[in-house]
2 protein chains.
Amino acid sequence: MEKLEKYYHQIKNSPVFYGMKDDELQGLLECFNARIRNFEEGEMIIRQGDRITNIYLILEGAVNIEKDSYWGRRIIITQLSVNDNIALAFVASKNIESNIDAVAAQNTRVLVLSYEKCTSMCQNACTRHKVLINNLFDILSKENIELIQKIENVSQKTIRDKLLTYLSNEARKRKSNSFEIPFNRQDLADYLNIDRSAMSFELSKLQKEGLIKYNKNKFVLSARV
Amino acid sequence: MEKLEKYYHQIKNSPVFYGMKDDELQGLLECFNARIRNFEEGEMIIRQGDRITNIYLILEGAVNIEKDSYWGRRIIITQLSVNDNIALAFVASKNIESNIDAVAAQNTRVLVLSYEKCTSMCQNACTRHKVLINNLFDILSKENIELIQKIENVSQKTIRDKLLTYLSNEARKRKSNSFEIPFNRQDLADYLNIDRSAMSFELSKLQKEGLIKYNKNKFVLSARV
DNA sequence: TTAATAATGTTGTAAAAACAACAGAAATGT
DNA sequence: ACATTTCTGTTGTTTTTACAACATTATTAA
């Protein structure tokens, strides 16, 4: 339990527990059987078919939400990072199996809470549960909007349009024309559902045309985009 | 307010209000300024850029959630039907503008509730609000899972794989190999982000190969799919 | 019933993507 | 510093898709 102390401030200010008083949070962390788990890059945190009963809060690192298609191709649905929750939607619908994998994209530290344990104990009656569920509702709303955004990105017709849509959406999100993306080329291709080499080719083309500049994961969009 | 009576039973048993006592629901409908609105096929219920402050519950009909791509192509994100809520994610994130259109896919009857009005009045304190937010959390979770499902559908590489993935997901959802889909051919193409005529061609091919049978919107999957 | 309109299916052609194979650059480990 | 491995970019070929144009079948209206 001592290790929790180190992250207490971060936990308290995370969207899940935002607005909770210290004593409420302390009690909740105990009641939730809170513990910290570490995952190495590439390690599976959640597998397709799992039933999720825990709330996962990312304290350090990043996690890819993936799906292997029936024919073996990898689909990256989204990448989560610090302060995000993993597979929250499956916690509420507890009789629905996870249809996604969660894979550590780097070495990752996660706070794990037994949601089930708390709801059974406090019967939804305590104030901290009320704050929590409000927060969870907000978080899920934002996730929902993110997923719609992603659908827009991958629904473009050409590789070019997918790239431009993705990049300009990222720029808008960060309120800057200059930003880093969390993906390497292969991951970006798996996120946009396109071939890596074809994507590389189109990126160069966009750079030659002066629409974008990039170096590794750092992108700069020209005003024209 | 009399018109509400006609739908009272349906409203009471809808996922949003599920588990609410009669007096709670009655009070809530008043406090929410509940009213019924009708939309004709093709009419816009929500537009990109709107700020959503109402909860919309579909009582009759169906609604397409759409987005016009920058280049003018139509994307159907999902189709909602009776008992579904429209654009719920944007109600929670009230300072985020809608990035989607909601268009009546048929003549549609909708219950409209001012979410804002209630939250400001009851300060999240009344029991009915607690039941409501729990329900909303559940609904958003399911929507989330649906969106992930849709991402899987459109992330397949070929038209054939998109169709087979979509159809077998539908079959699983309805627990039957025989089912109707809510789309005509053009809408299905816009949902899967593919060309209608190419899709028609592939559908015939699948039928010739004996993998599927179809007539209009009614599909039957062979055991091999 | 017939004409008009809409929806769906079919085909050929041009465009785009996937794929494979490889070259060069960057990162990693020893 | 060197060898090894991983990542990224490039090119040519094959496959798939979009698009356009039209045929056929349903649906609607007169």
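All of these numbers come straight from a predicted model, not from anything done at the bench. Throughout, protein chains are lettered first and strands after them, A, B, ... in sequence-line order, and every chain is numbered starting at 1.
Going from atom CZ of B/F183 over to atom P of C/dT8 covers 13 Å, rounded to whole Å. Computed from coordinates, the B/N217 CG to C/dA6 P distance equals 18 Å when rounded to whole Å. Regarding A/K216, its NZ atom lies at a distance of 8 Å from the C1' atom of C/dA26, rounded to whole Å. Rounded to whole angstrom, the span from the CD atom of A/Q207 across to the P atom of D/dT10 amounts to 9 Å. Rounded to whole angstrom, the span from the CD1 atom of B/I159 across to the P atom of C/dA17 amounts to 13 Å. Protein atom CD1 of A/I194 is 12 Å distant from nucleotide atom P of C/dC19, rounded to whole Å. In this structure, A/N193 places its CG atom 18 Å from P of D/dT16, rounding to the nearest Å. D/dG9 atom C1' lies 9 Å from atom CZ of A/R185, rounded to whole Å.
With no hydrogens or angles considered, a side-chain donor-acceptor pair links A/Y7 and A/R109 at under 3.5 Å. A donor atom on one side chain and an acceptor atom on the other are found under 3.5 Å apart for B/S155 and A/N193.
A salt bridge does not link A/E180 with A/K218: none of the charged nitrogens is closer than 4.0 Å to a carboxylate oxygen. Salt bridge annotation for A/K173-A/E146: present, with a cationic side-chain nitrogen under 4.0 angstrom from a carboxylate oxygen. With salt bridges taken as basic N to acidic carboxylate O contacts below 4.0 Å, none links B/E116 and B/K94.
In the set C/dA27, D/dT8, D/dT17, D/dT17 carries the atom at the smallest distance from any side-chain atom of B/T158. For B/D195, counting side-chain heavy atoms from C-beta on, the closest listed nucleotide (C/dT8, D/dA18, D/dG9) is D/dA18. Minimum atom distance to the side chain of B/K157 is reached by C/dA18, of the listed D/dT16, C/dA18, D/dC19.
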B/I58/B/N83 under side-chain contact (heavy atoms from CB on, under 4.5 Å): CA gap, chis, key distance, verdict: CA-CA 5 Å; B/I58 301 176; B/N83 272 343; over 6 Å; no
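Across A/A89 and B/S141, no two heavy atoms sit closer than the pair O-CB, 3.4 Å.
The residue A/N184 sits close only to the backbone: its heavy atoms come under 4.0 Å of sugar-phosphate atoms, none of a base. Counting any heavy atom pair closer than 4.0 Å across all strands shown, A/N215 reaches no nucleic acid atom.
The residue from A/D101, A/D68, A/D187 that alone fulfils the salt bridge (charged side-chain N to carboxylate O under 4.0 Å, His left out) condition with A/R74 is A/D187. When the options B/Q207, B/K162, B/R160 are evaluated for a side-chain hydrogen bond (donor to acceptor under 3.5 Å, both in side chains) with B/E202, the one that passes is B/R160.
Note on A/R196: every side-chain N or O is 4.0 Å or more away from OP1 and OP2 of D/dT8.
Comparing the local axis fitted to the first five base pairs of the helix from C/dT1-D/dA30 to C/dT30-D/dA1 with the one fitted to its last five gives a bend of 50°, rounded to 10°.
The stretch residues 197-206 of chain A comes close to DNA chain D through A/S197, A/S200, A/F201, A/S204, each having a heavy atom under 4.0 Å from the strand.
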